[in-house]
Amino acid sequence: MTVPPEELRSAADFPPTTREQWSELALGVLRKSGVEAGSPEEALASVTYDGVTIAPLYDASDLPDDPGLPGAAPYVRGARPEGGSWEVRQRHEVADPEAVLADLENGVTSLWLALEPEDLPRVLDRVHLELISITLDAGERTREAAEALFAVAEGKRAAAGRLHAPGAAPGESASGESASSGTGGRTGDGPARERGPGELAGNLGADPLRDPETAIDLARRCVADLPGLRAVVVDGTPYHDAGGSDAEELGCSVAAGVAALRILTGAGLTVDEAFGQLEFRYAATADQFLTIAKLRAARRLWARVAEVCGAAASGRGAGQRQHAVTGSAMMTARDPWVNMLRTTLACFAAGTGGADAVTVQPFDARLGLPDAFARRIARNTHALLVEEAGVARVIDPAGGSWYVERLTEELAEKAWEWFQEIERAGGMAAALESGLVAGRLAATWERRSENIAHRRDPITGVSEFPDLAERLPVRRARPGRAGGVRYAQEFEALRDLADAQESRPKVFLATIGPVAAHTARTSFAANLFQSGGIAAVTAVAAAPGVDPGRIAAAFIASGAEVACLCSSDRLYGEHAEAVAAALRQAGARKVWLAGKGEFAGVDANLYAGCDALGVLRTTFDDLGVAR
């Protein structure tokens with residue numbers, strides 16, 4: 001059917017609407033749904049762990065001050081005025097030259113090497129350092145790793161020099177062709193430039209708070225001789241991995257960055273030189289809008305620090321250099337395939353938020369060392385977003401969003417308050433030593449744990465929609481596996497306990513009435529018990545209906561020792577007490593009821609928002625499974 005042009009209407013033809021009109025209509029829908037609230041904003045709003053209210057609707061009045069332009073202070077809209085893609089930074093924890101080369105030949109542009117210093121020459125032997133960037137993660141052996149990297153680079157420069165024709169310029173072969181090609185040459189500080197053989201770009205991974213002497217020495221060397229390198233990483237991910245909130249991660253990172261500036265400038269570096277030696281690392285999560293806002297807020301906060309310190313707006317440190325890593329805390333060992341979805345969302349958010357480099361953790365990271373397939377999926381996540389989805393085609397694609405701009409501003413305000421609290425306590429080192437930071441993070445983790453336990457923060461594949469028949473891939477153990485909390489850790493511990501039993505623990509779901517009456521609560525109860533590895537079984541024969549005797553017989557046949565009633569509120573009123581009594585007589589140690597309401601013979605209730613972990617632990621105890 002073809003619509004005549006005169007009947008087509010543009011958006012301008014529709015009458016304007018107001019927030020008040022929306023509020024009135026939304027309130028009517030809520031009341032029809034049985035929700036009593038003074039306003040839809042009140043009923044539909046949510047609050048983050050930082051106390052930031054997420055409203056159901058935003059309009060132009062929510063826009064904060066002008067965020068500026070991309071590449072200009074306060075860098076909310078990104079530190080790169082030219083835009084473009086982020087560095088694809090792959091992490092390697094094992095000295096495997098073939099795995100490194102496979103990554104570099106298939107889209108990786110940056111290596112994050114958590115290796116022993118003595119392994120670096122072998123791993124980098126066939127790597128063209130001038131085409132990529134290198135970030136080291138050597139902990140206490142940072143100085144040794146840096147020296148090993150310098151030696152590799154020097155060897156490559158010497159080898160390239162022997163191939164130069166008389167009079168050939170550095171970085172140019174005997175044939176007159178440039179030794180650099182492709183997309184290499186970016187140092188992370190502006191447009192790509194040609195780099196000679198063995199010329200380094202990246203970060204040496206020094207931590208001034210733990211080893212100030214090494215950080216100072218490496219920073220001085222980078223300033224004097226290695227313009228493509230930064231010496232210091234200000235890592236915010238440990239605060240995230242301890243269960244902290246977004247603003248807490250931001251505030252801690254800014255405080256740690258300021259502490260690093262004090263150490264470097266105190267050793268003789270200028271303010272601009274010190275700023276130019278720092279790179280910040282943040283966790284990117286599946287909460288895409290909070291991740292976008294966090295990265296944008298981080299640049300705003302650091303721009304304020306630079307302004308106060310008198311750093312040059314056009315210097316190397318202008319605009320915070322950011323490395324985003326898909327968060328470890330959100331990764332699961334159970335149903336690890338869902339991690340692909342989590343990391344894709346996180347990578348999208350990191351790129352949209354303006355990260356300079358992004359690391360996607362392999363989906364099997366919680367199971368051990370990733371295999372070739374997992375590494376391929378990780379690097380292809382970038383390719384999917386950049387090449388197919390075109391995420392990098394637009395500079396600051398979230399810019400101008402009323403929601404994102406307001407969220408960025410409020411998150412920055414919360415983070416700045418926390419940063420100021422740390423500074424009042426004497427700075428980051430003092431706040432760590434006194435327990436101020438640990439106490440704050442622990443309090444947030446306690447609140448988050450409570451929400452996870454009650455499944456208000458659901459974890460797909462673990463606390464929701466678990467698969468008890470899954471077959472997990474087997475991976476080699478990771479060396480020196482990092483600590484930190486895992487959102488799924490308590491549920492997964494119960495799953496491990498259930499799997500370790502000779503026969504899987506089970507609960508009988510005593511369905512009452514027709515399928516239509518009990519299906520919803522049967523599914524709910526089964527999902528809850530299975531999240532702890534407990535099988536949920538029902539009658540194997542014809543549905544027992546409402547006959548207590550037949551339901552009790554089905555319970556005995558199941559071999560279970562705990563039961564849960566599942567039906568509608570009306571049928572509970574008519575049959576719950578009789579069925580519970582029959583189950584008790586049949587030997588049930590405990591009788592649960594899916595829903596709310598008190599009935600004789602029923603011990604406890606399951607319902608949306610109940611303490612799921614408490615229910616599971618109690619059930620293990622009732623079944624005699626030692627925890």
Side-chain angles (χ1 to χ4, degrees), residues 243 329-339 342 366-367 445-473 485-511 518-539 555 558-566 583 587-596 602-627:
M330 72 176 180
M331 302 290 278
T332 65
R334 295 291 179 164
D335 206 348
W337 321 103
V338 181
N339 290 330
R342 297 185 180 102
R366 284 295 177 193
L367 300 176
W445 171 237
E446 185 177 356
R447 288 187 288 128
R448 192 188 298 274
S449 297
E450 187 76 4
N451 284 334
I452 292 171
H454 289 74
R455 301 198 299 177
R456 290 189 287 265
D457 288 354
I459 306 171
T460 303
V462 180
S463 67
E464 297 284 358
F465 314 113
D467 178 11
L468 297 191
E470 69 179 351
R471 299 182 62 183
L472 296 175
V485 301
R486 297 183 295 112
Y487 299 157
Q489 63 189 31
E490 298 299 331
F491 283 98
E492 291 186 336
L494 294 177
R495 288 281 296 274
D496 293 342
L497 178 61
D499 290 351
Q501 306 306 306
E502 287 188 17
S503 61
R504 182 174 296 282
K506 56 187 173 183
V507 168
F508 178 75
L509 302 185
T511 58
H518 66 69
T519 293
R521 282 173 169 158
T522 300
S523 299
F524 171 81
N527 191 39
L528 191 154
F529 285 115
Q530 289 167 359
S531 68
I534 300 171
V537 297
T538 55
F555 168 73
S558 73
E561 298 178 353
V562 171
C564 179
L565 307 186
C566 300
L583 291 170
R589 294 186 181 184
K590 190 159 198 169
V591 177
W592 295 87
L593 182 141
K596 294 185 178 180
V602 172
D603 296 295
N605 300 71
L606 311 176
Y607 50 88
C610 72
D611 183 357
L613 282 176
V615 170
L616 294 170
R617 289 167 179 151
T618 299
T619 303
F620 275 109
D621 293 341
D622 292 335
L623 295 175
V625 178
R627 292 191 286 116

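Index from 1, following the sequence.
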To check you understand the geometry: which heavy-atom pair defines the closest contact between [X] and [Y], and what is its length?
X: Phe529; Y: Cys564; answer: CE1-CB, 4.1 Å
X: Phe555; Y: Ala560; answer: CZ-O, 3.3 Å
X: Ala488; Y: Val462; answer: CB-CG1, 3.9 Å
X: Ala333; Y: Leu472; answer: O-CD2, 3.5 Å
X: Arg627; Y: Leu497; answer: CG-CD2, 3.6 Å
X: Phe620; Y: Gly532; answer: CZ-O, 3.4 Å

Within this structure, what is the [atom1]-[atom2] distance for the pair [X] and [Y], rounded to the nearest 0.5 Å?
X: Ile459; Y: Gln489; atom1: CD1; atom2: CD; value: 9.5 Å
X: Asn451; Y: Glu446; atom1: CG; atom2: CD; value: 11.5 Å
X: Leu565; Y: Leu583; atom1: CG; atom2: CG; value: 6.0 Å
X: Phe524; Y: Cys610; atom1: CZ; atom2: SG; value: 5.0 Å
X: Trp592; Y: Leu528; atom1: CH2; atom2: CG; value: 8.5 Å
X: Leu509; Y: Ser523; atom1: CG; atom2: OG; value: 9.5 Å

* **Partner set under salt bridge (Lys or Arg N to Asp or Glu O under 4.0 Å) for Asp622, not counting sequence neighbours** => Lys590

* **Counterpart residues, side-chain hydrogen bond (donor to acceptor under 3.5 Å, both in side chains), relative to Arg617 (two or more places apart)** =>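 Arg617 satisfies side-chain hydrogen bond (donor to acceptor under 3.5 Å, both in side chains) with Glu490 once adjacent residues are dropped.
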
* Asked: Listed by chain and number, what are the side chain to side chain contact (heavy atoms under 4.5 Å, CB included) partners of Ser531, not counting sequence neighbours?
  -> Pro466, Phe491, Leu616

* By side chain to side chain contact (heavy atoms under 4.5 Å, CB included) - contacts of Arg589 (at least two apart) -> Glu561

* Asked: Can you check whether Val625's main-chain N or O pairs, donor with acceptor, with Gln501's side chain at less than 3.5 Å?
  ->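 No: the side chain of Gln501 does not pair with the backbone of Val625.
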
* Asked: Under 3.5 Å, side chain of Arg521 to main-chain N/O of Ala594, donor-acceptor pair present?
  ->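 It does hold such a pair.
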
* **Qualifying salt bridge (Lys or Arg N to Asp or Glu O under 4.0 Å) pairs, either residue in residues 449-460, two or more places apart** => Arg455-Glu464

Can you tell if the side chain of [X] reaches within under 4.5 Å of the side chain of [Y], non-hydrogen atoms only?
X: Leu606; Y: Val615; value: yes
X: Trp445; Y: Tyr487; value: yes
X: Arg495; Y: Leu468; value: yes
X: Asp335; Y: Glu470; value: yes
X: Thr619; Y: Pro505; value: no
X: Asn339; Y: Arg342; value: yes
X: Ser463; Y: Ile452; value: no

* Can you run down the side chain to side chain donor-acceptor pair (under 3.5 Å) pairs that involve residues 603-616, sequence neighbours left out, and say none if there aren't any? =>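 Checked against side chain to side chain donor-acceptor pair (under 3.5 Å) - neighbours excluded - the pairs reaching residues 603-616 are Arg584-Asp603.
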
* Under the side-chain contact (heavy atoms from CB on, under 4.5 Å) rule, what do Arg504 and Ile534 come out as? Steps first, then yes or no, please. => CA-CA 7 Å; Arg504 182 174 296 282; Ile534 300 171; over 6 Å; no

* Asked: Would Arg366 and Arg486 count as a side-chain contact (heavy atoms from CB on, under 4.5 Å) if you check the C-alpha gap in whole Å, the side-chain angles of each, and the deciding distance to 0.1 Å?
  -> CA-CA 10 Å; Arg366 284 295 177 193; Arg486 297 183 295 112; 2.9 Å; yes

* Answer yes when Asp467 and Arg334 have at least one side-chain N-carboxylate O distance shorter than 4.0 Å, and no when they do not. => no

